[in-house]
Amino acid sequence: MQGAFQAGILALVARIPAGRVMTYGQLALLAGAPGAARQAGQVMNGLTAETALPWHRVINAQGRVSTYKVGTGDLQEQLLRAEGVAFDETGRCDLATLQWWPEGTPAAPPDPLF
DNA sequence: AGTCTGACACCCG
DNA sequence: ACGGGTGCCAGAC
């Protein structure tokens, strides 16, 4: 714990508006660690249970929830649906429409890795 | 303390 | 188009 990386992730997650989502890679990128998408997930893993953050708004770059097999199943998907996020039958959502970028963030991924 | 794994993403073959 | 390997940071063993 206690890393600028993690702090950035949490801050970003906390700012995700209802009905919007962000990807792990995006969080990692904005947190200052492009390519560390995996760790974004790891951070969530340790905090989801004890943190009151909208962790369910964090999905993978495929527009698919990654925790569908965790806990009650599609809990994350259900939470998002309750917020107005539309999932298709394959469990995917439209990132182009639902992906949220913080204020002043270039909508175009300037990533060196992406 | 060291090592492996992990809820992803990208490059290469 | 598909599969495998590597990178990143933070936890768990």
Side-chain angles (χ1 to χ4, degrees):
Chain A
M1 272 205 44
Q2 298 196 350
F5 176 78
Q6 185 179 39
I9 299 290
L10 298 176
L12 289 165
V13 173
R15 293 176 191 180
I16 305 176
R20 290 299 190 85
V21 297
M22 288 182 79
T23 66
Y24 293 98
Q26 183 185 1
L27 289 171
L29 176 68
L30 296 174
R38 224 175 167 187
Q39 276 44 31
Q42 185 59 29
V43 170
M44 303 305 290
N45 185 26
L47 303 179
T48 42
E50 305 217 356
T51 308
L53 291 174
W55 58 269
H56 55 274
R57 292 176 192 150
V58 182
I59 62 178
N60 59 26
Q62 305 164 22
R64 201 7 177 126
V65 289
S66 303
T67 59
Y68 63 97
K69 57 183 173 182
V70 178
T72 53
D74 26 346
L75 169 63
Q76 184 170 4
E77 182 179 330
Q78 292 180 37
L79 288 171
L80 289 173
R81 283 189 172 185
E83 296 183 348
V85 176
F87 283 88
D88 60 22
E89 296 176 2
T90 64
R92 303 233 316 176
C93 64
D94 186 3
L95 280 178
T97 303
L98 298 171
Q99 186 170 22
W100 177 77
W101 291 86
E103 313 168 2
T105 306
D111 37 81
L113 216 77
F114 281 17

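In what follows, every chain begins at residue 1, and chains take the letters A, B, ... in the order their sequences are listed.
- In this structure, the CG atom of Leu10(A) is 13 Å from the C1' atom of dC9(C), given to the nearest Å.
- In this structure the side chain of Pro102(A) reaches within 4.5 angstrom of the side chain of Leu30(A), judged on heavy atoms.
- Atom CD of Gln62(A) and atom C1' of dC10(B) are 12 Å apart (whole Å).
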Show me the protein contacts with nucleotides 4-6 of chain B, counting only N or O atoms at under 3.5 Å.
residue: dG6(B); atom: N7; partner: Arg38(A); partner atom: NH1; Å: 3.4
residue: dG6(B); atom: N7; partner: Arg38(A); partner atom: NH2; Å: 3.0
residue: dG6(B); atom: N1; partner: Gln39(A); partner atom: NE2; Å: 2.6
residue: dG6(B); atom: N2; partner: Gln39(A); partner atom: NE2; Å: 2.9
residue: dG6(B); atom: N3; partner: Gln42(A); partner atom: OE1; Å: 3.2

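- For the salt bridge (charged side-chain N to carboxylate O under 4.0 Å, His left out) test, no residue two or more places apart in sequence or in another chain qualifies with Arg92(A).
- Formation of a donor-acceptor pair under 3.5 Å by the Arg57(A) side chain with backbone atoms of Ile16(A) is found in this model.
- Protein atom CG of Leu29(A) is 15 Å distant from nucleotide atom P of dC8(C), rounded to whole Å.
- Between Leu27(A) atom CG and dC8(B) atom P the separation is 13 Å, expressed in whole Å.
- Residues passing the side-chain contact (heavy atoms from CB on, under 4.5 Å) test with Arg38(A), sequence neighbours excluded: none.
- Look at CG on Asn60(A): it is 11 Å from P on dC10(B), rounded to the nearest Å.
- Listed nucleotides dC9(C), dA7(B), dA9(B) differ in distance to Ala33(A); the shortest reach to its side chain belongs to dC9(C).
- Ranking dC8(C), dA9(B), dA7(B) by closeness to the Ala36(A) side chain, first place goes to dC8(C).
- We find that CZ of Arg92(A) is positioned 14 Å from P of dC8(B), with the value rounded to whole Å.
- Whole-Å rounding puts the Tyr24(A) OH to dC8(C) C1' distance at 16 Å.
- You'll find the side chain of Ile59(A) reaches within 4.5 Å of the side chain of Gln76(A), heavy atoms only.
- Test Val13(A), Val58(A), Ile9(A) against Leu53(A) for side-chain contact (heavy atoms from CB on, under 4.5 Å) and you get one pass: Val13(A).
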